[in-house]
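Scroll down for the structure; my scribbles are underneath it.
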2 protein chains.
Amino acid sequence: MGSGSRSVGRDIPDSTVARLPLYLRALVDLAATGERTVSSEALAEATGLTSAKVRKDLSNVGSYGTRGIGYDAASLIHEIRRVLGLTQHWAILIAGVGNLGRALAHYKGFAERGFRVAALVDVDPDKVGLRLDELEIRPIGELETLAARDEIAIGVIATPATAAQDVADRMVAAGIRSILNFAPAVVTVESGVTVRRVDLATELQILAYYDQRNAESLEEPGSSRDASAGS
Amino acid sequence: MGSGSRSVGRDIPDSTVARLPLYLRALVDLAATGERTVSSEALAEATGLTSAKVRKDLSNVGSYGTRGIGYDAASLIHEIRRVLGLTQHWAILIAGVGNLGRALAHYKGFAERGFRVAALVDVDPDKVGLRLDELEIRPIGELETLAARDEIAIGVIATPATAAQDVADRMVAAGIRSILNFAPAVVTVESGVTVRRVDLATELQILAYYDQRNAESLEEPGSSRDASAGS
DNA sequence: CAATGTGAAGACCTTCACAGCC
DNA sequence: GGCTGTGAAGGTCTTCACATTG
């Protein structure tokens, strides 16, 4: 699985890639408060990680730190953006305009980070033609046309589980190679297409496990479990 | 932070715990189609994992398989439910009734898996008093009272980033020890409280990285990246 | 001297391969 | 014969500790 591919671009470990957005956000916040340089310790504080991890991660992106001083915030922000590919804007298509699809379509955080919801599709004829903000919901059959017209790079599946595979197939057929799947279903795609799954109920179930587990041992405070979801 | 704690209950690796909900769903689906027994190969197929991983994971829960036959679906479902703590029902409270909070409140998948949205709170006085289905939105000041009254086990943060820490503090003060944070912010909590973060924009940024990376190497099909969201 | 960058050690996770059992 | 369960091997990720450097 890990690929291997000795492509030219520096090879950054998956675990590091998953944390880069976190550093980016922390850096932007810190820069907004006027900080010019940031230490690994300060970044660790802001992200809830350890300073060693921060340094290892940043050294993987080919870092811009200065010993005795820290990292230049502006350079680091620029560098992480470049590595993540955020210097370009990305158009996304959302399939399934139910509660979740609507929430995603309205979500401000996407636009703030360079992602634009450029198309919405749904199977339900009653929904087709409706507008969400300025975007008109189109029938799912137009997915391929829309993907080409709007140069969609990322497809978001926000349909019920039963429709997920069909939608994924259409996305892949339309040339989309990155899919974010919110449906509680596993979709299989051809090699070369990346799928990330976000499963809301699964997250609760994992929490339930640790909750139960901590409740069982009433002794020691034990270890506080940390954020994750990524990885 | 792997804890260590030699508590009585069998110690299940985090990576396995993160996949148990996936197995559970696959098993329930397979059982619904009439399958009485399931092989690790079939489960691997249904979940997009490898059969070796499936067997290792299931052996961690103290498995109910039979050599030469496979796993008894019903027993395994029961066992995984027990391990995850899903034999009891869990009441959850959602803080922040914006687009995302509303979508979560309506989400059918929670109820289907034993989670009940029992309370909604928001700071906005215009929203307080409104009903979502049968639930009335209450002011955030009542969080502590509601948590006690409804025996809330899990708190969901669906507020803007700026409010996240305050809400988390209130949840912890109210005795909630499991938090699912959708706000794009890191919240810090005392030891003993578990926080999981689900960050929508982060997921897109990670996809952007792999998309860009795959696009750079036009040669080899390369490796298809797999679902994750867990670690 | 303060803070980065990094080998080396250690923990954790995955994959392999096959013994063991039905 | 078929499939589980698991030691052992191989990776990946994290942590440690310190040499290095502005």
Side-chain angles (χ1 to χ4, degrees), chain A residues 1-5 10-20 22-23 27 30 35-73 75-76 79 223 225-228 230-231, chain B residues 1-5 10-20 22-23 27 30 35-73 75-76 79 206 223 225-231:
Chain A
M1 307 256 147
S3 80
S5 72
R10 223 181 304 277
D11 200 35
I12 298 178
D14 292 350
S15 53
T16 294
V17 171
R19 285 186 294 266
L20 290 181
L22 201 56
Y23 298 134
L27 283 163
L30 288 167
E35 304 289 341
R36 302 279 297 157
T37 63
V38 184
S39 69
S40 60
E41 194 55 59
L43 264 177
E45 171 77 15
T47 55
L49 306 170
T50 66
S51 61
K53 208 183 256 176
V54 172
R55 289 198 299 279
K56 252 285 148 69
D57 284 339
L58 295 185
S59 81
N60 281 323
V61 318
S63 111
Y64 279 61
T66 309
R67 290 162 203 249
I69 306 292
Y71 302 88
D72 178 68
S75 310
L76 236 198
E79 196 60 17
S223 61
R225 303 231 117 253
D226 212 333
S228 174
S231 74
Chain B
M1 333 260 132
S3 79
S5 72
R10 224 178 302 279
D11 199 36
I12 299 178
D14 292 349
S15 54
T16 294
V17 171
R19 284 187 294 266
L20 290 181
L22 201 57
Y23 298 134
L27 283 163
L30 287 167
E35 304 287 342
R36 300 281 296 158
T37 63
V38 184
S39 69
S40 60
E41 194 55 61
L43 264 178
E45 171 75 17
T47 55
L49 306 171
T50 66
S51 61
K53 208 183 256 175
V54 172
R55 289 197 298 280
K56 253 283 148 71
D57 283 340
L58 296 185
S59 82
N60 281 322
V61 318
S63 112
Y64 278 60
T66 309
R67 290 161 203 250
I69 307 290
Y71 302 88
D72 178 67
S75 310
L76 237 199
E79 197 59 17
I206 295 171
S223 63
R225 302 233 117 254
D226 214 331
S228 175
S231 98

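Note that these values count all heavy atoms, side chains included, but never hydrogens, waters or copies made by symmetry. The shown structure was predicted, so the numbers you read here are calculated from the model rather than taken from an experiment.
One atom, CG of A:L76, and another, P of C:dT4, lie 10 Å apart when rounded to the nearest Å. The distance from atom NZ of B:K53 to atom P of C:dA17 is 17 Å, rounded to the nearest whole Å. When rounded to the nearest whole Å, the span between CG of A:D14 and C1' of C:dC13 equals 13 Å. Distance, B:I12 CD1 to C:dC13 P: 12 Å, rounded to whole Å. Atom CZ in B:R19 sits about 12 Å away from atom C1' in C:dC12, given to the nearest Å. Across the protein-nucleic acid pair, B:L43 atom CG and D:dC3 atom C1' stand 13 Å apart, rounded to whole Å. Going from atom CG of A:D57 over to atom C1' of C:dT4 covers 14 Å, rounded to whole Å. Following rounding to the nearest Å, B:E79 (CD) and D:dT4 (P) show an atom-to-atom distance of 17 Å.
Neither OP1 nor OP2 of C:dA3 sits under 4.0 Å from any side-chain N or O of A:Y71. For D:dT4, the OP1/OP2 oxygens have a side-chain nitrogen or oxygen of B:S40 closer than 4.0 Å. Neither OP1 nor OP2 of C:dA3 sits under 4.0 Å from any side-chain N or O of A:Y64.
Within 3.5 Å, no donor on the side chain of A:K56 pairs with an acceptor on the base of C:dT6, nor the reverse.
Residues B:N60 and B:I12 come closest through the heavy atom pair O-CG1, 3.8 Å. Nearest heavy-atom pair across A:V38 and A:A73 is CG2-CB, 4.0 Å. Residues B:R19 and B:L49 come closest through the heavy atom pair CD-CD1, 3.5 Å. The shortest non-hydrogen separation linking A:A44 to A:S51 is CB-N, 3.5 Å. Closest non-hydrogen pair, B:Y64 versus B:S75, comes out as CD2-CB, 3.8 Å. Looking at every heavy atom in both residues, A:K53 comes nearest to A:Y23 through O-OH, 3.9 Å.
Residue B:S59 places its side chain closer to D:dG5 than to any other of D:dT15, D:dT14, D:dG5. The side chain of B:P13 has C:dC13 as its nearest neighbour among C:dA17, D:dC13, C:dC13. Of the candidates D:dG5, D:dT15, C:dT4, the closest approach to any side-chain atom of B:R55 belongs to D:dG5.
Between the CG atom in B:D72 and the OG1 atom in B:T66 there is a gap of 7.5 Å [rounded to 0.5 Å].
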Any protein N or O atoms within reach of nucleotides 19-22 of chain C? Criterion: under 3.5 Å, listing atom names and distances.
residue	atom	partner	partner atom	Å
C:dG20	N3	B:R67	NH1	3.1
C:dC22	O4'	B:R67	O	3.4

